[in-house]
Amino acid sequence: MEKKRILTGDRPTGRLHIGHYFGSLKKRVEMQESDKYDSYILIADVQALTDNFNNPEKVRKNVREVAMDYLSVGIDPKKTTIYIQSMIPEVAELTVFYSNLVTIARLQRNPTVKTEIAQKRDLFGESVTYGFLGYPVSQAADITAFEGELVPVGEDQLPLIEQAREIVRKFNNIYGKVLIEPQAVLSSGKRIKGLDGNEKMGKSLGNAIYLSDSEEEITKKVMSALTDPNRIKKDDLGNPDICMVAYYHNLFSTKEEVKTVCEECKGGKRGCVACKKQLAKNIIEELRPIREKRAYYEQHPEEVDKILMEGTKKAQKVAKDTIKRVKKAMKLDYET
Ligand code: TRP
């Protein structure tokens with residue numbers, strides 16, 4: 001049976017946290033273990049520059065951080081090709097070709113782009129850059145350069161995949177059927193709320209637990225998590241439904257533990273500090289293998305770089321093959 005190509009990626013703008021872990025990383029590791037799929041993961045440094053063009057150091061530094069996060073959760077470079085976007089020039093070429101196949105109005109209507117522009121007022125002010133507005137075009141190039149059939153993403157990315165599908169259909173209509181129309185696979189992973197109860201966990205919100213956090217950092221963060229604000233003294237009856245500690249117990253503790261903790265909270269029998277300590281211990285234990293694997297790679301950065309270069313080399317071959325067929329279809333095949 002022909003394996004289906006899976007293509008995913010992340011912008012390297014920060015280390016990955018438990019939100020990424022439950023939202024997409026676990027699923028990627030699971031799919032990598034199935035012989036139905038052939039997985040590619042790109043570290044989207046060019047895309048990261050679209051909203052960090054003024055901070056190249058940050059992007060550069062986080063390419064290796066994200067690679068280490070991948071390796072530490074069990075992305076296996078023998079099974080999954082990890083590569084760096086900027087080292088695939090064909091992606092930039094395809095982006096230029098595709099830019100004729102999408103209107104400015106269509107990009108401005110893209111809900112993901114719209115939301116992001118609104119969030120990035122600090123950077124863009126009243127007028128967004130051509131590069132940022134066009135990043136869905138570049139993402140269509142990311143996917144099609146590798147004949148990505150399945151793209152596991154969170155809900156927020158769906159409009160980008162839809163946009164890529166439109167570009168592919170238009171291309172195939174005009175130039176002949178060369179490109180594969182990708183399909184989004186909603187990663188069934190959960191979206192994890194932040195320690196402060198915010199719907200989103202993120203660096204800018206300062207409410208994330210990173211896969212690379214030390215035991216002390218994890219404990220400190222859990223101690224600061226939002227609990228039922230009406231519960232002031234230990235004897236007060238608590239409401240676990242509005243407590244982030246109870247929320248994370250559900251993710252990191254056994255069913256029995258969750259039951260005990262919630263019952264004792266509701267009965268005013270257990271204080272928040274004891275409850276948090278138990279949670280911190282469980283998170284520390286669950287993330288221990290990840291942290292230890294990561295520590296290994298932190299001490300062996302040359303191994304990480306080698307993995308990235310080997311993955312990128314493999315990816316370059318695939319993209320070269322695609323661009324050849326694309327250029328032929330577009331009558332740009334001058335070389336004989
Ligand atoms: N836009 C994705 C994000 O912000 C990253 C990304 C770039 C991507 N290219 C991709 C995801 C191709 C899936 C497929 O997380």
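Both ligands and their constituent atoms are indexed starting at 1 by order of listing.
Nearest-heavy-atom check against atom 12 (C) of ligand 1 across Q85, R11, Q139 picks out Q139.
For the pair L211 and H20, the minimum side-chain heavy-atom distance is 4.5 Å or more.
Atom numbering of ligand 1 starts at 1 in the shown order; those under 4.0 Å from a heavy atom of V151 are 13 (C), 14 (C). If you number the atoms of ligand 1 from 1 as listed, the ones under 4.0 Å from a heavy atom of L7 come out as 12 (C), 14 (C). Shown in contact with A44 at under 4.0 Å from a heavy atom are these atoms of ligand 1, numbered in order with element: 7 (C). Under a 4.0 Å criterion applied to the non-hydrogen atoms of L42, ligand 1 contributes the atoms 9 (N), 10 (C), 12 (C).
What you find for L205 and D196 is that their closest heavy atoms are O-OD2, 4.4 Å.
Electrostatic pairing of K120 and D51 counts as a salt bridge here, judged by a charged N lying under 4.0 Å from a carboxylate O.
Proximity of a side-chain donor or acceptor of S253 to a complementary backbone N or O of N250 within less than 3.5 Å is not detected. Y247 places no side-chain N or O within 3.5 Å of a backbone atom of G197 that could act as its donor or acceptor partner. Without hydrogens or angle criteria, Q32 side chain to D76 main chain gives a donor-acceptor distance under 3.5 Å.
Note: an N/O pair closer than 3.5 Å links Q157 and ligand 1 by distance alone.
Of the protein's non-hydrogen atoms, Q47 NE2, 3.3 Å is the one closest to atom 7 (C) of ligand 1. If you check which protein heavy atom lies closest to atom 9 (N) of ligand 1, you get D142 OD2, 2.7 Å.
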